[in-house]
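Beneath this line is the structure, given in structure tokens, with notes to follow.
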Amino acid sequence: MCGVVGMVSANPAGQALYDALTVMQHRGQDAAGIVTWSGERGLKQRKGNGLVRDVFRSRHMMRLEGNVGIGHVRYPTAGGSKSSEAQPFYVNSPYGICLAHNGNLTNHDELTELLIRQDRRHLSTNSDSEVLLNVFAHELQMRVNGKPTAKNIFAAIEALHRRCKGGYAVVALIVGYGIVAFRDPNGIRPLVLGEREVGGRTDHAVASESVALDILQFSRVRDINPGECVVIENDGSLHCQEFSGTTAHTPCIFEYVYFARPDSILDDLSVYKARLRMGEQLAGKIVRDFPDHDIDVVIPIPDTSCTSALQVAYHLGVKYREGFIKNRYIGRTFIMPGQEERKKSVRRKLNAIDLEFRNKNVLLVDDSIVRGTTSKQIIKLAREAGAAKVYFASAAPPVRYPNVYGIDMPAAAELIANGRTVEEIEDLIGADRLIYQDLNGLIRSVRHGNSAITEFDTSCFSGEYVTGDVTDEYLHELEERRNDAAKQKRATQHDHGPKVVAL
């Protein structure tokens with residue numbers, strides 16, 4: 001999962017792009033990058049491994065000139081945390097194109113072979129984002145004669161959609177022309193369009209989450225539709241075209257469970273309200289499965305589960321307390337690369353308030369249980385703080401299957417629920433009782449705000465992949481390539497210190 005932003009403004013874009021990336025830092029901690037364009041000074045770029053605040057210093061920001069630009073925060077689903085695959089990527093033909101991408105292509109290998117053998121294009125990384133960039137560049141080059149137009153850009157994106165499979169949300173900058181943004185035909189990965197009035201001119205921006213638009217004082221106009229392409233010219237002109245092929249609106253439900261900020265609105269659905277309803281549904285499940293419970297207090301695992309846990313406590317009629325204090329300077333554990341790093345981070349990240357646990361039967365509520373690493377460590381912390389009994393509830397169903405659309409769950413063997421019963425998971429994490437949300441309850445919780453969405457991508461819970469091209473063979477190859485051991489090996493090979501690239 002990554003975060004992308006692009007804008008065309010009447011004012012310098014560099015600082016605005018930086019601000020947008022800081023509020024989307026939760027979507028990627030591995031690397032960050034910004035590219036801006038100024039007619040007189042051309043392209044300016046800064047990207048590197050690390051958090052936004054570490055990659056960009058004052059001297060870098062001063063060089064990011066121009067009113068047009070795109071930005072990216074990276075969370076690696078391929079490669080290691082020390083890889084040099086920071087985005088945006090760049091190709092110089094046609095015109096010069098920079099591209100940033102959130103998602104994952106399921107036909108990456110096939111496209112790579114075709115790009116090299118048929119399209120005669122060179123690839124310098126293993127990133128599917130570079131593949132997307134070269135597919136777009138090739139298709140555009142086949143259709144232009146002179147200056148690019150919205151019409152031939154739309155035609156190039158139509159061709160791209162027919163070649164590329166998977167989940168993707170993309171922003172691209174065409175030198176001298178403007179910004180292009182598009183979303184996969186299933187609408188799996190989010191992309192939001194916003195605008196603001198500045199001095200009689202309308203600025204336009206796109207971002208992975210509406211909160212990035214809020215911070216820039218853009219009004220959220222709407223979500224970009226599945227398969228839709230949006231073109232924003234340097235003069236502020238806006239052009240939109242729907243995909244003529246088959247589309248479906250199946251957004252990733254895990255965005256609402258964990259990834260997105262609660263103050264974001266994605267696909268006309270409030271993340272905050274969805275999490276409130278998850279708590280209501282989970283409380284109902286607890287009452288049905290554990291009617292004679294002896295829970296004294298509900299304690300959330302900060303921060304993503306706080307909203308759901310509050311509703312669980314309310315509907316169970318028990319106290320809600322924040323028994324864990326979070327170190328705000330430790331990143332999100334789930335998106336840290338490598339199991340050992342996740343294990344070490346839990347104790348650095350959370351500290352228990354003993355008086356909220358001592359001699360009490362506590363119900364810990366988390367948004368989900370993926371690998372089980374964090375859950376096991378947190379339950380141990382609760383017992384060390386003196387809890388008499390530790391119950392554990394997940395606002396999401398068991399994560400039993402790999403995610404192939406841009407979330408780092410590629411190896412089924414690393415998922416604690418894969419091939420195990422709830423009772424077996426309960427024993428492994430050390431809980432006195434484990435309660436999971438039902439999938440139907442989760443879907444009801446999210447869909448309630450937008451009945452027009454009839455289906456979600458729930459593949460990590462259900463094993464059903466909405467793109468229809470995911471085979472057992474593909475999942476096996478993905479697991480071999482992207483499990484933690486393989487990532488660690490690649491990270492070691494690439495670990496030559498911080499990498500910074502400038503055009």
Side-chain angles (χ1 to χ4, degrees), residues 250-295 297-322 334 362-370 375 378 390-401 403 407 416-417 421-423 425-426 429 431-464:
T250 55
C252 174
I253 206 165
F254 209 73
E255 287 277 358
Y256 303 91
V257 171
Y258 175 80
F259 265 101
R261 274 180 45 148
D263 45 346
S264 280
I265 297 174
L266 306 177
D267 290 304
D268 282 329
L269 294 166
S270 164
V271 177
Y272 175 74
K273 288 186 176 180
R275 290 178 184 167
L276 284 175
R277 290 189 289 267
M278 288 178 208
E280 295 169 6
Q281 293 287 331
L282 182 57
K285 178 73 181 298
I286 293 169
V287 169
R288 291 192 301 274
D289 291 0
F290 196 10
D292 55 346
H293 72 78
D294 55 353
I295 299 167
V297 60
V298 173
I299 294 176
I301 312 303
D303 287 319
T304 323
S305 64
C306 292
T307 309
S308 297
L310 185 62
Q311 288 298 92
V312 170
Y314 174 79
H315 287 281
L316 293 182
V318 300
K319 292 185 294 183
Y320 170 89
R321 294 290 186 268
E322 295 188 2
F334 171 76
V362 300
L363 173 66
L364 304 181
V365 177
D366 208 349
D367 52 81
S368 59
I369 305 171
V370 180
S375 305
I378 288 172
V390 182
Y391 305 122
F392 204 96
S394 168
V399 178
R400 300 189 186 278
Y401 306 95
N403 184 287
I407 297 178
I416 194 170
T421 66
V422 173
E423 291 74 21
I425 303 166
E426 188 177 274
I429 65 175
D432 291 295
R433 188 159 191 152
L434 174 61
I435 303 102
Y436 275 106
Q437 179 87 273
D438 289 328
L439 180 55
N440 287 337
L442 175 61
I443 292 172
R444 282 195 298 271
S445 300
V446 181
R447 183 175 178 261
H448 182 84
N450 184 358
S451 59
I453 298 177
T454 58
E455 185 181 356
F456 290 90
D457 166 48
T458 61
S459 53
C460 58
F461 306 120
S462 64
E464 298 173 1

Using 0.5 Å steps for rounding, measure from the [atom1] atom of [X] to the [atom2] atom of [Y].
| X | Y | atom1 | atom2 | value |
| --- | --- | --- | --- | --- |
| Ile286 | His315 | CD1 | NE2 | 11.5 Å |
| Arg277 | Leu282 | CZ | CG | 15.0 Å |
| Arg444 | Met278 | CZ | CE | 13.0 Å |
| Asp367 | Cys306 | CG | SG | 10.0 Å |
| Ile253 | Glu455 | CD1 | CD | 10.5 Å |
| Ser459 | Ile407 | OG | CD1 | 7.5 Å |

Can you give me the closest heavy-atom contact between [X] and [Y], atom names plus distance?
| X | Y | result |
| --- | --- | --- |
| Pro397 | Tyr436 | C-CD2, 3.6 Å |
| Phe254 | Cys460 | CD1-SG, 4.2 Å |
| Asp289 | Arg433 | O-NH2, 2.8 Å |
| Ala313 | Lys319 | CB-O, 4.1 Å |
| Ser445 | Gly441 | OG-O, 2.7 Å |
| Ala309 | Val298 | O-CG1, 3.7 Å |

4.5 Å side-chain heavy-atom contact, [X] and [Y]:
| X | Y | value |
| --- | --- | --- |
| Leu364 | Asp366 | no |
| Cys252 | Phe456 | no |
| Val287 | Leu316 | yes |
| Tyr314 | Tyr320 | no |

Donor-acceptor pair, [X] side chain versus [Y] backbone, under 3.5 Å?
| X | Y | answer |
| --- | --- | --- |
| Tyr256 | Leu266 | yes |
| Gln437 | Ala395 | yes |
| Ser308 | Arg275 | yes |
| Ser305 | Val365 | yes |

Task: side-chain contact (heavy atoms from CB on, under 4.5 Å) partners of Leu276, counting only residues at least two apart - done: Tyr272, Thr307, Gln311
- [ ] Please name all residues satisfying side-chain contact (heavy atoms from CB on, under 4.5 Å) with Asp294, sequence neighbours left out, ordered by chain then number.
- [x] Phe290, Asn361, Lys389, Tyr391
Open item on the list: So for atom NE2, which belongs to His293, do other residues, nucleotides or ligands contribute more than 12 heavy atoms lying within a distance under 6.0 Å?
Closed with: yes
Open item on the list: Just to verify, which of Asp267, Ile443, Asp268, Thr250 counts as forming a side chain to side chain contact (heavy atoms under 4.5 Å, CB included) with Ile453?
Closed with: Asp267
Open item on the list: Consider side chain to side chain contact (heavy atoms under 4.5 Å, CB included). Of Leu434, Ile425, Leu363, which one does Phe392 pass it with?
Closed with: Leu434
TODO: Scan residues 250-260 for pairs that pass salt bridge (charged side-chain N to carboxylate O under 4.0 Å, His left out), counting only residues two or more places apart or in two chains.
DONE: Arg27-Glu255, Arg189-Glu255
